[in-house]
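Taking it in order: structure first as structure tokens, then the write-up.
Values reported hereafter were calculated over all heavy atoms of this structure, with side chains retained and with hydrogens, waters and symmetry mates removed.
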Amino acid sequence: MASKLLRAVVLGPPGSGKGTVCERIARSFGLQHLSSGQFLRENLRRGGGMGKPQPLWATCSSASPPSSSITAFLLLRRAPFFWGVCTGFPRTLGQAEALDRICELDLVISLNIPFETLKDRLSARWIHPASGRVYNMDFNPPQVQGVDDLTGEPLVQREDDRPEAVAARLRKYKDAAKPVIELYKSRGILHSFSGTETNKIWPYVYTLLSSKIPPLLSDEEN
């Protein structure tokens with residue numbers, strides 16, 4: 001475990017690689033990784049009584065950030081007891097302000113990826129709905145086209161990952177995220193990283209985190 005507790009959030013538009021960055025942070029620094037989508041899926045599997053899976057999956061995955069969503073309620077309920085790195089939350093200024101009333105963040109990482117890169121990534125992305133595993137047909141394809149590597153179950157492309165929907169989805173994210181980013185920037189805890197490849201952004205993120213807590217793995221080991 002990390003020798004110092006830390007609360008961090010990774011922000012980024014759909015397709016920016018924030019989930020991958022969070023997973024690497026968790027491995028390298030011994031932190032928990034709280035993913036809004038994964039957290040909600042686990043709640044549903046445990047029989048959380050929060051409604052039918054399909055509407056909730058759409059809620060937690062959508063680029064339109066519903067400020068009063070059940071996802072926000074579940075995450076805020078857990079936030080006071082969570083130390084680690086979170087992705088997918090907060091998505092709106094209202095969620096950020098609600099989080100403020102419960103706990104204090106140590107740092108916020110914002111991933112800035114060019115629009116064309118995001119459009120290409122999202123249009124090539126397919127998922128395994130039950131687990132949330134993501135495949136990209138350009139650089140991370142499944143072993144057998146169209147099916148999940150672990151279960152053999154069919155992969156699907158979400159409606160909002162289709163090329164005609166991507167531009168609108170990214171605009172919605174940008175509009176909702178702007179005040180959130182400005183809030184954390186004004187507090188001096190926002191750290192922005194730009195690039196087109198997660199592997200090239202990661203060393204800078206690793207250096208930042210290493211200045212806050214001692215790593216368990218070297219950059220090369222991750």
Side-chain angles (χ1 to χ4, degrees), residues 2 4-37 39 60 62-67 69 71-72 75-76 78-118 121-122 169-215 219 222:
K4 178 183 176 182
L5 297 178
L6 176 140
R7 284 192 180 107
V9 164
V10 176
L11 303 177
S16 61
K18 54 186 178 293
T20 299
V21 168
C22 277
E23 289 171 1
R24 290 185 179 185
I25 291 174
R27 286 197 304 268
S28 295
F29 296 91
L31 298 173
Q32 298 179 69
H33 171 202
L34 178 57
S35 160
S36 61
F39 180 63
C60 83
S62 174
S64 333
S67 59
S69 71
T71 315
L75 287 169
L76 288 169
R78 178 169 172 176
F81 313 102
F82 174 74
W83 294 92
V85 58
C86 177
T87 181
F89 186 87
R91 294 187 175 191
T92 67
L93 183 59
Q95 290 178 359
E97 291 172 342
L99 184 61
D100 278 347
R101 293 191 287 270
I102 295 174
C103 65
E104 181 179 354
L105 295 177
D106 296 296
L107 64 90
V108 175
I109 293 169
S110 177
L111 303 178
N112 301 319
I113 312 298
F115 173 82
E116 288 301 319
T117 299
L118 295 172
R121 285 184 187 177
L122 291 172
R169 186 180 178 195
L170 294 175
R171 283 196 298 271
K172 288 180 181 179
Y173 170 83
K174 182 178 179 180
D175 291 344
K178 184 177 180 179
V180 178
I181 290 172
E182 289 300 321
L183 173 69
Y184 293 133
K185 183 178 180 180
S186 70
R187 294 180 182 171
I189 61 172
L190 181 75
H191 301 266
S192 296
F193 300 94
S194 301
T196 59
E197 298 178 31
T198 301
N199 285 342
K200 292 184 178 179
I201 292 175
W202 167 248
Y204 297 100
V205 175
Y206 180 89
T207 299
L208 169 66
L209 268 292
S210 296
S211 71
K212 306 293 182 182
I213 56 176
D219 186 9
N222 201 323

Rounded to the nearest 0.5 Å, what's the gap from [atom1] on [X] to [atom2] on [Y]? Could you check?
X      : Y      : atom1 : atom2 : answer
Lys172 : Arg91  : NZ    : CZ    : 12.5 Å
Leu190 : Leu107 : CG    : CG    : 9.5 Å
Glu23  : Thr20  : CD    : OG1   : 5.5 Å
Leu11  : Ser192 : CG    : OG    : 9.0 Å
Leu111 : His191 : CG    : NE2   : 13.0 Å
Leu209 : Arg24  : CG    : CZ    : 13.0 Å

- Message: If you count heavy atoms of other groups shown closer than 6.0 angstrom to OH of Tyr204, is the number above 12?
- Response: no

- Task: Starting from the C-alpha separation in whole Å, work towards a yes-or-no answer on side chain to side chain contact (heavy atoms under 4.5 Å, CB included) for Arg169 and Leu122.
- Result: CA-CA 10 Å; Arg169 186 180 178 195; Leu122 291 172; 3.8 Å; yes

- Test log, rule side chain to side chain contact (heavy atoms under 4.5 Å, CB included), inputs Leu183 and Asp100: CA-CA 11 Å; Leu183 173 69; Asp100 278 347; 4.2 Å; yes

Check [X] against [Y] and note the closest heavy-atom contact, atom names and distance.
X      : Y      : value
Cys22  : Val10  : SG-CG2, 3.5 Å
Pro90  : Ala96  : CB-N, 3.6 Å
Ile181 : Ser110 : CD1-OG, 4.0 Å
Pro13  : Leu170 : CB-CD2, 4.2 Å

Report yes if some heavy atom in the side chain of [X] is under 4.5 Å from a heavy atom in the side chain of [Y]; otherwise report no.
X      : Y      : value
Lys174 : Lys178 : no
His33  : Val21  : no
Phe193 : Ser16  : no

- Test log, rule side chain to side chain contact (heavy atoms under 4.5 Å, CB included), inputs Trp202 and Ser28: CA-CA 11 Å; Trp202 167 248; Ser28 295; 3.6 Å; yes

- Query: Among Thr87, Leu208, Ile109, whose side chain to side chain contact (heavy atoms under 4.5 Å, CB included) with Ile25 holds?
  - Reply: Ile109

- Message: Run Ile213 and Leu31 through side chain to side chain contact (heavy atoms under 4.5 Å, CB included) and show every step you take.
- Response: CA-CA 10 Å; Ile213 56 176; Leu31 298 173; 3.8 Å; yes

- Message: Between Asp106 and Arg7 (side chain of the first, backbone of the second, donor and acceptor by atom type, cut-off under 3.5 Å), is there such a pair?
- Response: yes

